[in-house]
Structures are given as C-alpha cells and as structure tokens.
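Structure first, then comments.
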Amino acid sequence: MERENALEIVKEQLTEHRYQHTLGVMETAIQLAKRYNEDVKKAELAAIFHDYAKFRSKDEMKQIIIDQHMSSDLLIHNTELWHAPVGAYLVKTEVGIEDEEILDAIRYHTSGREKMTLLEKIIFVADYIEPGRQFPGVEEVREAAKKNLDLALIYSLRNTIMFLAKKNQVIYPETILTYNSVIFENKGGI
Ligand SMILES: [Fe+2]
Ligand SMILES: [Fe+2]
C-alpha cells in the first residue's frame, strides 16, 4: 500500500493532533529503519497505522478483546493499552494489511513484549521520541536512539516504569518483562 493511500485511510480515524503525531512517528520510524537496516516500507506502514484504533470506544475495544480471545489481563489494566492489540486486529480486518510483522509492531507498540523484533523496537521508540513529544527524559531517549536502539528502548521503558511507580500506579507486567528481556539480550548491560 502506498503512503498517500495509507495516510488517507488513517486520517479519517484520528483527530488532527493525533494525525500530526502519526506523521512524526512515520518520519522517525523511517529514519530509524534506515539507521538500523530494517525494511523502510514496513516501518512506514506500521507507523502510519500504529494508532489506528486510538479513538474507538471502550465498549467496542472491550468487545473485540473478548471476542478475539486477546489477553484477559488487558481488561484489568489501563484502557490506554487496548488500542494497540485492537488496532492490529482492525488494521488486518478493516484495512486488509496481512503482514504479521507490521501487525505485531502495531500490537506491541504500547506494552512491548519479550524478545521484540527490530521492527517492533523501531515503532515503540519512534512513538516515544517523534518530534512532537515533549516531556522530561525524552531528549535522553532521542540521543540514545542515534547510537543504540536497545539503549533507547531501555530508557523509554525505564521512564514509563518509574513514572507509573512514582504515582503509585500499577505497571503492566508485559512492560516489566520487556525491560528485563532487553537487558538480558544485552547480557546485563549496554
Ligand atoms: Fe498508541
Ligand atoms: Fe502513538
């Protein structure tokens, strides 16, 4: 699918603000794909569709999670997590994208997962550091992403985990598993 066509489809699903975010993720994902030798076209498409389900109602997302037998763990955690797996499902069924690597990058862009693929890491990090993002710690992740994608991933996961812990909020187990997995991949340190 060509970029213009994909953007037209996704624009209808998003607010203007979220569409601008999506363009930022797309540009960032393309840069990272070139830097780390990933398929640029796949990175572009995964980025364009990563937030496809962001504005679906909670009721619709909940029903899809139940009907499609997605992890029931999702339902007891923050609803912000839902649009990622539901998005992967809808991008397949409504848009017709069948590439499982692209769908997985959408599916795991919020929680991460153990043993993430390069494409999944690129979308996760691009979502975190795209130019429109402004929050404490983002610059450190941007700098890390220029040299070492895993380091950027560790910093972004650490920020997320610490942000939640400081507010006494629950941390989704997959996020902790992702953090440990990247540390293990790098044999305990980078
Ligand atoms: Fe998202
Ligand atoms: Fe996003």
Side-chain angles (χ1 to χ4, degrees), residues 3 6-33 38 42-58 60-62 64-65 68 70-71 73-75 77-95 97 99 101-113 116-139 141-142 145 149 152-153 155-157 159-161 163-164 169-175 177-179:
R3 177 196 290 200
L7 286 174
E8 230 171 79
I9 293 170
V10 87
K11 198 171 199 292
E12 285 179 24
Q13 302 289 326
L14 304 176
T15 59
E16 182 57 27
H17 179 77
R18 186 58 46 172
Y19 182 67
Q20 292 304 322
H21 159 71
T22 294
L23 294 178
V25 177
M26 180 186 78
E27 293 299 341
T28 308
I30 290 170
Q31 279 174 18
L32 292 175
E38 179 52 279
K42 285 192 189 204
E44 178 183 87
L45 276 181
I48 290 173
F49 288 111
H50 84 284
D51 273 341
Y52 180 83
K54 188 83 180 174
F55 297 101
R56 296 300 172 104
S57 73
K58 290 195 176 61
E60 182 185 359
M61 289 197 281
K62 187 176 181 181
I64 290 171
I65 289 168
Q68 299 304 315
M70 295 174 188
S71 169
D73 222 24
L74 283 165
L75 297 174
H77 287 92
N78 196 321
T79 53
E80 279 300 309
L81 293 161
W82 296 1
H83 74 283
V86 170
Y89 171 76
L90 292 176
V91 167
K92 185 173 188 174
T93 54
E94 293 184 358
V95 183
I97 289 180
D99 186 314
E101 289 182 53
I102 293 175
L103 296 175
D104 279 342
I106 298 169
R107 185 172 289 120
Y108 300 109
H109 86 265
T110 309
S111 62
R113 67 160 162 171
M116 287 173 87
T117 65
L118 177 58
L119 186 64
E120 288 165 24
K121 289 175 179 177
I122 284 172
I123 299 302
F124 190 100
V125 170
D127 189 29
Y128 201 87
I129 65 170
E130 63 94 0
R133 297 286 206 196
Q134 286 170 331
F135 47 81
V138 71
E139 207 45 56
V141 185
R142 283 194 184 112
L149 189 64
L153 187 59
Y155 285 166
S156 57
L157 289 161
N159 286 353
T160 301
I161 290 165
F163 176 79
L164 292 169
Q169 287 188 6
V170 77
I171 297 161
Y172 191 54
E174 283 295 317
T175 304
L177 292 174
T178 307
Y179 176 84

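Counting starts at 1 for both ligands and their atoms, in listed order.
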message: Would Glu130 and Met26 count as a side-chain contact (heavy atoms from CB on, under 4.5 Å) here? Give the steps.
response: CA-CA 8 Å; Glu130 63 94 0; Met26 180 186 78; over 6 Å; no
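- With the Fe ion (ligand 2) as the vertex, NE2 (His21) and NE2 (His50) define an angle of 100°, rounded to 10°.
- In this structure a side-chain-to-backbone donor-acceptor pair under 3.5 Å is present from His50 to Ala47.
- Glu120 places none of its side-chain heavy atoms less than 4.5 Å from the side chain of Arg107.
- Residue-level check: among N/O/S atoms of Asp51, OD2 sits closest to the Fe ion (ligand 2).
- A donor atom on one side chain and an acceptor atom on the other are found under 3.5 Å apart for Glu16 and Gln20.
- The minimum distance between the Fe ion (ligand 2) and any N, O or S atom of Asp127 involves atom OD1.
- Here the angle at the Fe ion (ligand 1) defined by NE2 in His83 and NE2 in His109 stands at 90°, rounded to 10 degrees.
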